[in-house]
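The sequence lines fix the lettering, A, B, ..., with proteins before strands; numbering per chain opens at 1. Atoms considered below: every heavy atom in the structure, side chains included; atoms not considered: hydrogens, waters and symmetry mates.
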Amino acid sequence: MDYNFREIEKKWQKAWAENKTYKTEIDHSKPKFYVLDMFPYPSGAGLHVGHPLGYIASDIYARYKRLKGFNVLHPMGYDAYGLPAEQYAIQTGTHPAVTTEKNIARYREQLDKIGFSYDWDREVRTSDPAYYKWTQWTFIRLFGSWYNKDSNKAEAVDKLTEIFRLSGNSGVNAACSETHVFTAEEWNSMNEREQQELLMNYRLAYLADTMVNWCPALGTVLANDEVSEGFSVRGGHPVERKSMKQWLLRITAYSDRLLEGLDRIDWSESLKDIQRNWIGRSEGCSAQFALKNTEKQLEIFTTRADTMFGVTFMVLAPEHPYVAEITTPECRAKVETYVNWAKNRSERERMAEVKKVSGEFTGAYAINPLSGEEIPVWVADYVLMGYGTGAIMAVPGHDSRDFAFARHFGLPIRQVVSRKGETPVDPSEWEESYDSKEGVMINSGFITGLEVKEAITSAIRRVEELGIGYGKVNYRLRDAIFSRQRYWGEPFPVYYRDGMPYTLTEDELPLELPEIDAYLPTETGEPPLARAKNWATKDGYPLETNTMPGFAGSSGYYLRYMDPRNTTEYFSKEANEYWQDVDLYMGGAEHATGHLIYARFWNKFLFDLGLTVKDEPFSKLINQGMIQGRSNFVYRISGTNQFVSYNLRKSYETQPIHVDVNMVHNDILDIEAFKQWQPQFSGAEFILEDGKYLCGWEVEKMSKSKYNVQNPDDLIGKYGADTLRLYEMFLGPLEQSKPWDTNGIEGVFRFIRKLWRLYHDFDNNFLVTEGQPSGQELKVLHKTINKIQEDTERFSFNTAVSAFMICVNELSELKCSNRQILNELTILMAPYAPHIAEELWSLLGNQGSVTFAEFPVYNPAYTVENTFNYPVSFNGKLRFTLELPLGIPVPEIEKAAIAAPEAAKWLDGKTPKKVIVVPGKIVNVVV
RNA sequence: GCCCGAGUGGUGGAAUGGUAGACACGAAGGACUUAAAAUCCUUUGGCCAUCGCGGCCGUGCCGGUUCGAGUCCGGCCUCGGGUACCA
């Protein structure tokens, strides 16, 4: 064996660990650079080949930055709390901590084999009391804070009570739950319980009754981003709506800042769009519609105040408090039946029946404040209580849902917007609502004739003049539900006195997770922590039995890495001032509406407290694409144990059967391995083509059941970590999703051995030559330096690997073994293939690790060409090429092109109309 | 429905508006070898060709801008992701 990767990789991994090569300290003499991977949840299945994709990319970048003279922080840890370990505990009784510990050990082993440059001394685990102490600490601070919209930041609740004591709440502009106005006297005469209840409306971490996503199978509540189409993201269990008392984080207070911050960070536009949509800011206006025969006003929110003259009815959500109050006796029975039916329908049913129109007339009428018309009030489940006010003004002419509803129940439809130059058609002939984003108002009283935009402003102004509403901004973003009825999570640092929650003091932290006898809810349905003995404070007050959700621990871990062993603070001021924020964050786009939004909120809150110097935590973020599986199939002839090769399958009636991809090489089946794979195939017969059995293939999700899972360990065993690293990068653009396919890995392996041979003679003796490199050698090297630098900086790692291949091919061609050239090449390779680079670096006689070498400086002087092979086109079609010196004047080039012997044929005796010459690029002759 | 992103050889993929298919894989042929592995060489988008001159067609489809379009613009089709009675 010439290139012995097994020995080399083991040797250097050991050396890096022993010398703590990647240990990082604050160093003010160097600029900092913080490269972070989204830390993994250590699942029992271990890493598959998709996980390291992002880690390899970020590791290459981290190593590159070190060569460029940066002090690089590149840590790793574990998102160690989570459902799978707890589910396993329920089934087996094994403590989740034990399972987690074991899984972490396996992850670590796998990660170490790939040769990452993590500073493991900074490892954090979210389930470690030394870590979650600070998660709990942050919760206490959230509980003790409110959001002042005037100063636009979080402030202490103590300051708020002071204001209440002196002047009540009328002058307070807070992001809060709905509260009535009270005076200082009223506040001061309240008892503590009343005051606490009131303050709950202001706290950034607060307790409230809310409709939650309850998952009976998991026995817990889930956040919106943990639910997809009515099923839990983890496990795929059905989810239903239920009202429960829950802790919430008032993330909505930060809606605008979360939105604004997106403009200042370097994330992909698509990811920012996902967050923008999730926050869902919409500008509009709120307006009160008077209800006939009562004093009541019905408040609605609309983004299209201009269409108010087109309102022909109103709709309330079934949960709207007014439904019961305004329904007339004649309609009561029907409305009650409808409301009950609507309320009990699961999310699932509602989603499945979006197209079905349902609703009921309440018997009540409202009065259109602009037109004075009387309009009926309906109740229907297409209006959601959770958005706006739970009531809408229906404009069936210009809203598809209102239109469908009006058609179904025979309600009038009126057109109020018309595009310029179009003659309005009777709405009764429409098949759908009329798109009204642009146009001119018609049938609209005082705004008739205005453009939509002006009409909106005009209508809002009138609403404000009438004192029935005001311009308002609405958000789709909801406060984050922060309680989970689970065991394996952070305990809340909260106890209850007289039924009111209070937080522990800082010196009582961490509040450690107690031992319990079974990882299940109690018989009375309380969360598992209710089983813990003495789950109470020293004074005997009961502690909170919910635990925090998965996103709690991951919301601030990047800050803790800056100073992970600090026992007196979350992280020191010094550490935060040095490391500031994450310069490069690498991870999956699936966290767009979860972790990535919570972490930004968490960080902004800590920024308000003055703890962090940056309000945005991740200045650049890259989403690595998903690695999909590539499945292989064999084709069994129906009713037989005969298998027909891929291209012959059409002549038979066959069923495709998944076959383990590890038994297939370049789509050719290892027949013996297949026979031994499962007993049912032991007697299998095969119809071959060209003496081989060819399998079919398809791109699918990587999963055990599809037998297409590839784990990195096998590949490292066969080719080594450096080959795996290069191959994962060579697969294609980092951000693109792509199928995993080992078909190309041989090529990368060949390349790396070819690289090795540059430094060795035929007998594998290390051999480099001294002396000055040739001009050609320098040209190849410097072309490569330039390309690698450019490609690495724009994260185009696939083309960088190609550039290395070209470089090694060319140097091999030149039979180059020059020390100077190879020394520089070694440094270039180091971020990509660190083990072989380290070995060659030491063979070259260099002291110390190549990690801290200096990145070669590109010298364009070595790569200048003095001639250029001009492509000459006629009418845009390439006809021939012409070698000409660079730097000769344009008319000369023109002349040379036309005078070329090949040109005569295309000129056909004519004089060219025009000749375009782009020096150093192209010549185009127009005939 | 709405908002993004992507469609290039048998495959993964290259290509600041300037020689489409770099670099690999696979395949075919050859060298070396008792043989195999490894290695090396040649060919490899399609069609036509008096296959050593050459030509025509080709980047999902239809148009447009331009001396010149895979790249820019307009309209469609397909696939992937996000979101969904959000007023």
- Message: I'd like to know if A/Lys921 reaches the base of B/rU16 with its side chain such that a donor and an acceptor end up less than 3.5 angstrom apart.
- Response: yes

- Query: On a plain distance test, is the side chain of A/Asn924 in donor-acceptor contact with the base of B/rC67 below 3.5 Å?
  - Reply: yes

Write down the distance separating the [atom1] atoms in [N] and [M], rounded off to the nearest Å.
N      : M      : atom1 : answer
B/rG46 : B/rG10 : C1'   : 13 Å
B/rA27 : B/rU19 : P     : 32 Å
B/rG9  : B/rU34 : C1'   : 40 Å
B/rG7  : B/rA87 : C1'   : 36 Å
B/rU50 : B/rA14 : P     : 39 Å
B/rG45 : B/rG21 : C1'   : 8 Å

To the nearest angstrom, how far is [X] atom [atom1] from [N] atom [atom2]?
X        : N      : atom1 : atom2 : value
A/His398 : B/rA87 : NE2   : P     : 17 Å
A/Gln275 : B/rG82 : CD    : P     : 15 Å
A/Glu728 : B/rA24 : CD    : C1'   : 16 Å
A/Asp306 : B/rA87 : CG    : P     : 14 Å
A/Tyr646 : B/rG26 : OH    : P     : 19 Å
A/Asp2   : B/rC40 : CG    : P     : 11 Å
A/Lys738 : B/rG5  : NZ    : C1'   : 14 Å

Look through every strand shown and name the nucleotide pairing with [N] as Watson-Crick or G-U wobble, where both distances are under 3.5 Å.
N      : result
B/rC51 : none
B/rC2  : B/rG82
B/rU33 : none

- Across the strands shown, which category fits A/Asn869 at heavy-atom distances under 4.0 angstrom: base, sugar-phosphate, nothing? base

- Message: Taking any heavy-atom pair under 4.0 Å as a contact, classify A/Lys272: base, sugar-phosphate, or nothing.
- Response: nothing

- Closest approach of A/Phe880 to A/Ala897 (non-hydrogen atoms, all atoms of both residues): CZ-O, 3.9 Å

- Query: Which heavy atom of A/Val49 sits nearest a heavy atom of A/Glu728, and at what distance?
  - Reply: O-OE2, 2.9 Å

- For the residue pair A/Phe409 and A/Trp378, categorise the inter-ring angle as parallel (less than 30°), tilted (30 to 60°) or perpendicular (more than 60°). tilted

- Among B/rG55, B/rG18, B/rA15, find the nucleotide with the atom closest to the side chain of A/Thr799. B/rA15

- May I ask you to decide whether A/Asp256 forms a salt bridge with A/Arg281, counting only side-chain N to carboxylate O separations under 4.0 Å? yes

- Would you classify B/rG9 as syn or anti? Syn applies when the glycosidic angle is within 90° of 0. syn

- Query: Between A/Asp399 and A/Ser433, is any side-chain donor less than 3.5 angstrom from a side-chain acceptor?
  - Reply: no

- Message: If you assign A/Ile668 and A/Arg879 each to the RNA chain B nucleotide with the nearest heavy atom, which residue ends up on the more 5' nucleotide?
- Response: A/Ile668

- Kindly confirm or rule out a cation-pi arrangement of A/Arg401 over A/Phe405, judged by NZ or CZ under 6.0 Å from the six-membered ring centre and within 45° of its axis? no

